[in-house]
Amino acid sequence: MTQVVPGSRSRDGHPGRSAVARRRRYTAELAGVLPPSEPFETWLAAGGGLAPDFARLPARTGLWSPVEGLAGADGWPARRAVLRARWRRWLTGDLPPAPRRTPARVGQVRTAGGVEVRELVVGGGWSVRARLLLPVPAAGVRHDVPIYLLQSSHGPWAEAALARGWGACLVSAADGDDDTEAVERAFPSVVAGRLAWRAWALSRVLDALQEQPGVDARRVLVGGHSRNGKTALLAAAFDDRFAGVVSSSSGVLGAIPARLCTDRHFGEGVELLTRHYPGWYHPGLRWFAGREHRLPTDAHELLALAAPRPVLVSVAVEDPVERVPAARAAVDAAREAFALLGRGDALELALRPGGHRADESAVAAQLDWAQSVLGGSPRRPGRAPVAPSPVPWPADLVRPGPRPVRGAELRAAVRAALGPATRAPGGPPAAGEGPPATPDGVAVTLLRPEDRGRGRGLVLWLGPPCAATGWRAGYEQAEPLPALLAAAGWVVACHDPVGSGARHGEHPGPGSSPLGRMTADAAAVTAVAAAATGHDRAWVAAYGTGALVALHLSALGAGPRDVPLAGAVLAAPTCGEPLLRARPGYTLADLLATTADRPAVVLDPAWDPEAPPGAVAAACRAAGVPRVPLADWHRLSGATRTAMLDWLDEHGPRRGSP
C-alpha cells in the first residue's frame, strides 16, 4: 500500500508557524516524495537552501493577465522589468549583463551552391561559434536579407530559409554542440539554467550580426523546436532586438504553462521536467513539483515579454509534451499584453497534426508566417472555431454544504449542471466494423488478461482527459494503470474522453458540457464492455477528472439499460478543469454519498491545488466513505497505482471466481 500520512493533512500555510518553520516542513515533505535527482541533491548539498515559503506565494490554478492593473502602454516598460525579474528569480537564474561590446571575428569563408558560409567566433574571454549562411547576391549588388537565427541542430530549417531568399545563422548552443558549457565556466559565480545560457549566447551572436554585411539586423527572427523552442522564447523575452520568434512544440515553461500541464493532466510537469532535464532551469524550480500553482510566473508571461513583436506558437495536437487547451489559455492571456501595445494580432497559435516532430510542412508554414509579418504580404490569421465556455468544478463545493442533497433532488441537480448529453456535429463516426464501439461511435478498447479470458471482473478505467493521447496518458511516471490491471487478471475497458486523443476536435453538443458528455460516454462504454465480456457489473478505477466522472455516473444511478457499478477506487477526486454547463447545486460529499451502498474508497493526496486543505477529508466523513491519505501531491504515482490495485484485489472477486 501507499504511504499514509499520520494525523491531519498537510497545509500550504499555518498562521501559527514562522516562515522558516514552514519552509523546513515543506522541505521535509518534498524530500519524502520527490524521486531522486542527483543534480538537485548536489545543489542542495552545496547550500541550495530550503523550499520556498509556499504560504506566501499566490495560489493560482488558472492564468492571470500579465498587464492587470495597467491603464495604458506607458506602464508596460516597468511591468516588463517586473516580469523579467520574476523569471530570473524563480526559473532561469541571473545571467551576466550584456557586454558593452561583443568581439567577433570571421574565420573561414567559403561559397558553394549559391550560398556564402561565414564561420564566426563570438566573444571575449569566452567564445561561441556560429555559422552565417547568406544567399550570394548578383555581382555588384548589395542585398541585406532577413536572418533566421537558430541553434545548430536545425540545419534543415536553415536550408528552408535559404530557399526563400533569407539568410540563416546556426549557433553552437544545442545538445551535442554546446559552447555555452565553456561560457558558463568563465562566469563561476553565476547559477543559471542551461537554456538561459543558450538564450544569452543567441543574443551575443545577434550582437555580432549587427556588424555583418548582407544582414538586415532589423529583421532577425529567432526560432527553435522543443527545448530549442524554449530557448528561442527566452532569447526574445530578454532581448527586444529580435524582430520575432517561432516557438515550435516548446512544451512546459516554453509556451505551455506549468500549472496547466502538470502530473494530474498526465502532462510534462515540473517534477518530470526537472528530473529528466535537471540542468535546463535553475535548480530551485524542482521545489515546485506538485505545487506548480504556487509559481509566481508562468509561460504566458514569457510570451507576453515578446510583445509587441510577432510570435508564432506552433503546437502539435498529438504531442504528449503539450496540451492544446493549455496552449490556448497561454496565448489568450498573453494576448492582453499585445493588445495593450496595439498589436493584438501579432501573437498567433498554429495547430498542426501529428506528434512532437516538426516536419517540412511545419517549417514551411512557419516561414510563410514569418514572411507575412516581417515584410512580406500581410495576411489575416485564420480564426479558430470558438468552443463552448464551460464552468470549472468549484473548489468551494468540495466540502459538505449546509445541508445534504440526496436522491431525486441530487439527480435533478446533476442533470442541470451537466446539461443534456448531446453529441456535437462532427463527433465520432457511427459504429461499424472493427473494435467495439458505443452507439454514438466512441471506440472501446478492451485490455484482457494474458489468457484472453473473461478475467476476474470488468474494470472501467477513467482518467484525466489527456488531449494528445486520450486514455493512453502521455507523460506517466510508472507503468500505465490499465496495463497493470490487465496483468492482475482484470478485463479493462478504456476509451478516449471527448476532446482528447482520437476525439481531439470534438466538442459536446449544444446545451451539453464536457462532463455531461464524459458521463454519458462512460455509461455507454461500460454497457458495450459488459456485453463483449459477459460481465453483469463493473468496477471503477478512476483518477482526477475521471473520478468526478465516476461519481456523476454513480449519482445518476443505473437505468434499465445501464450496467450497475460494483465498487470504485477514486484517487484525488478533484479537478479545476472547465467541465460543467452551470455551477452545481451539490457538493463532492453529496456525490460520494451515492457510493455508500457499495465498496468504495477515496485516495486523498497530502496537497492538492484543486481543493482547500481538509476539504476532501470532510466530504468523505460526511458521506461515510473510507479515505486513505497519501503522502504525495495530486498525481498518479507508482505508489498510488499500487494502492488502487491492492484495494481492488481485496474487495473485488477472486481470480477464477464466476
Side-chain angles (χ1 to χ4, degrees), residues 84 87 92 95 98 102 120 122 128-134 145-162 164 166-175 177-180 194-210 212 215-251 253-255 299 302-314 334 338 346-348 350 358 362-363 365-375:
R84 285 174 173 170
W87 268 77
T92 65
L95 288 170
T102 301
L120 308 180
V122 178
V128 174
R129 292 167 296 139
R131 177 171 298 165
L132 178 60
L133 310 170
L134 295 171
V145 296
I147 301 295
Y148 205 176
L149 184 64
L150 303 159
Q151 298 179 50
S152 56
S153 53
H154 285 316
W157 291 31
E159 293 174 7
L162 288 162
R164 301 285 186 107
W166 283 45
C169 188
L170 296 169
V171 182
S172 293
D175 288 2
D177 180 33
D178 193 358
D179 289 349
T180 69
R194 175 63 48 218
L195 300 186
W197 278 110
R198 291 178 180 176
W200 189 84
L202 294 180
S203 284
R204 303 292 70 79
V205 172
L206 180 59
D207 295 343
L209 292 179
Q210 309 291 314
Q212 289 297 310
V215 169
D216 183 349
R218 297 167 303 170
R219 290 194 292 163
V220 176
L221 177 76
V222 63
H225 178 74
S226 193
R227 66 202 66 182
N228 295 346
K230 297 181 199 283
T231 301
L233 282 172
L234 284 170
F238 286 90
D239 191 333
D240 295 335
R241 297 173 300 166
F242 288 108
V245 57
V246 169
S247 159
S248 173
S249 293
S250 55
L253 294 177
L302 186 67
L303 292 174
L305 283 170
R309 295 161 291 160
V311 178
L312 178 68
V313 175
S314 176
F338 287 78
L347 175 59
E348 185 171 340
V363 177
Q366 294 164 10
L367 286 167
D368 287 344
W369 170 84
Q371 285 185 302
S372 73
V373 298
L374 296 182

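- Nearest heavy atom pair, residue Ala334 against residue Ala304, reads CB-N, 3.9 Å.
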TODO: Please test Arg198 against Val128 for side chain to side chain contact (heavy atoms under 4.5 Å, CB included), starting from the C-alpha separation and ending with a verdict.
DONE: CA-CA 10 Å; Arg198 291 178 180 176; Val128 174; over 6 Å; no
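- Residues Leu149 and Leu209 meet the side-chain proximity criterion, which asks for heavy atoms closer than 4.5 Å.
- The stretch residues 220-240 participates, sequence neighbours left out, in these ring pair (Phe, Tyr, Trp, His ring centres under 6.0 Å) pairs: His225-His356.
- With rounding to the nearest 0.5 angstrom, the CG atom of Leu233 is 10.0 Å from the CG atom of Leu305.
- The closest side-chain heavy-atom distance from Leu234 to Leu302 is below 4.5 Å.
- Remark: Arg227 CZ is packed, more than 12 non-hydrogen atoms of other residues, nucleotides or ligands lying under 6.0 Å away.
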Task: Steps toward side chain to side chain contact (heavy atoms under 4.5 Å, CB included) verdict (Arg194, Asp178) - done: CA-CA 10 Å; Arg194 175 63 48 218; Asp178 193 358; 3.2 Å; yes
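- Between Asn228 and Leu150 the shortest side-chain heavy-atom distance does not fall below 4.5 Å.
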Task: Candidate pair Leu221 and Val246, rule side chain to side chain contact (heavy atoms under 4.5 Å, CB included), full reasoning - done: CA-CA 8 Å; Leu221 177 76; Val246 169; 4.1 Å; yes
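- The line from CD of Gln212 to CG of Leu132 is 6.0 Å long, rounded to the nearest 0.5 Å.
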Open item on the list: Between His154 and Tyr148, is the side chain to side chain contact (heavy atoms under 4.5 Å, CB included) condition met? List the steps.
Closed with: CA-CA 10 Å; His154 285 316; Tyr148 205 176; over 6 Å; no
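- Rounding to the nearest 0.5 angstrom, the gap separating the CD atom in Gln371 from the CD atom in Gln366 is 12.5 Å.
- At least one donor-acceptor pair under 3.5 Å links the side chain of Ser250 to the backbone N or O of Ala255.
- Atom CZ of residue Arg219 and atom CG of residue Leu374 lie 7.0 Å apart, to the nearest 0.5 angstrom.
- Between Gly254 and Lys230, the closest heavy-atom pair is CA-CG, 3.9 Å.
- Here the shortest heavy-atom pairing between Ala196 and Thr92 reads CB-CB, 3.8 Å.
- A pairwise comparison of heavy atoms in Trp200 and Leu95 identifies CB-CD1, 3.9 Å as the closest pair.
- Distance CZ/Arg241 to CG/Leu206: 4.0 Å, rounded to 0.5 Å.
- Val222 and Ala232 get closest at one heavy-atom pair: CG1-O, 3.8 Å.
- The side-chain heavy atoms of Arg164 and Asp368, taken from C-beta on, include a pair separated by under 4.5 Å.
- When every heavy atom of Gly167 is checked against every heavy atom of Val145, the shortest pair comes out as N-CG2, 3.6 Å.
- Of the possible polar contacts, one joining the Arg309 side chain to the Phe242 backbone as a donor-acceptor pair under 3.5 Å is found.
- In this structure, Trp87 and Leu253 have side chains that are in contact, with non-hydrogen atoms separated by less than 4.5 Å.
- In summary, Arg84 and Asp240 engage in a salt bridge, as defined by a charged side-chain N under 4.0 Å from a carboxylate O.
- For the atom pair CD1 (Ile147) and CG (Leu134), the distance works out to 5.0 Å, reported to the nearest 0.5 Å.
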